[in-house]
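For reference, the structure is listed below as structure tokens.
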Amino acid sequence: MKIGILISGRGSNMVALVDAVKSGEIPDSELAIVISDKRDAAGLAKAQERGVETVVIEREGRTREEHDAEIIAEMKNRDVELVCLAGYMRLLSPSFIQSFPNRIINIHPSLLPAYPGLDVHERVLAAGEKTSGCTVHLVNEDLDAGPIILQCEVEVREGDTVETLSDRILEQEHKLYVNALKLLSQLQSP
Ligand code: GRF
């Protein structure tokens, strides 16, 4: 299973996936490329340190379709079979989705369908929720709305701040994303 990862920032989920592929925890898999739409994404250096090829494709000066077409071309040139979004802060165009049917997945820091979109932890805390969590799902044309692959519940504690809650959920995100890829690699093997 050749994997391509899209990032925009820190890249801690990307690191979890790269390390799990490299250690053999996700079997029969290979990391083909990490692409960022931000030149200053901290994740780029982390991918390079791990020997993964990186490419920056900025949106500036391109339409959404042109931008996505360039990303698709880089992925297809390397025979990528599965695209993982890991903190990629853009909505994919219909042509991107159609280029990888049911082969694009995303991680989101809530128990979808609750709390799609941005500022999740702020909204969870403001609503006084007792639990939150994270979700790995297939990507379709709507924001954070595709079929769910795996979820993990995380307790919201008394006195939690956005930082403490997001840290606790992020720890689980890394495990959940690796588990989702394990599952997909098993489905793919003969
Ligand atoms: C994670 O919380 C992920 O669920 C969300 O964006 C954040 C990215 O963090 N989509 P990182 O770049 O993987 O560290």
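Order of appearance sets the numbers: ligands from 1, and atoms from 1 within every ligand.
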- Decide whether an N or O pair under 3.5 Å exists between M14 and ligand 1. no
In residues 38-45, what donor-acceptor pairs under 3.5 Å come from side-chain atoms, sequence neighbours left out?
| from | atom 1 | to | atom 2 | distance (Å) |
| --- | --- | --- | --- | --- |
| R39 | NE | E58 | OE1 | 3.4 |
| R39 | NH2 | E58 | OE1 | 3.3 |

- Hey, does N106 come in under 3.5 Å of ligand 1, counting only N/O atoms on both sides? no
- Do T131 and E155 have a side chain donor and acceptor closer than 3.5 Å? no
- Looking only at non-hydrogen atoms, which of S12, S110, S8 approaches atom 14 (O) of ligand 1 most closely? S12
- Task: Return the residue, atom name and 0.1 Å-rounded distance of the protein heavy atom closest to atom 10 (N) of ligand 1.
- Result: I107 O, 3.1 Å
- Message: The test is salt bridge (Lys or Arg N to Asp or Glu O under 4.0 Å); show your working for E25 and K182 and say whether it passes.
- Response: CA-CA 7 Å; E25 196 183 348; K182 270 194 214 169; 3.4 Å; yes
- CG (N102) with more than 12 external heavy atoms under 6.0 Å: no
- shortest atom 6 (O) of ligand 1-to-protein heavy-atom contact is with G87 CA, 3.7 Å
- Message: Counting only heavy atoms, tell me which of K46, E173, H108 gets closest to atom 2 (O) of ligand 1.
- Response: E173
- Note on the structure: Residue, atom and distance of the protein heavy atom nearest atom 9 (O) of ligand 1 read R10 NH2, 3.0 Å
- Task: Mind checking salt bridge (Lys or Arg N to Asp or Glu O under 4.0 Å) for R62 and listing every partner two or more places apart, or none if nothing turns up?
- Result: E70
- Item | side-chain hydrogen bond (donor to acceptor under 3.5 Å, both in side chains) between D28 and S185, intermediate numbers included | CA-CA 7 Å; D28 306 319; S185 72; over 6 Å; no
- Does an N or O anywhere in G11 fall below 3.5 Å from an N or O of ligand 1? yes
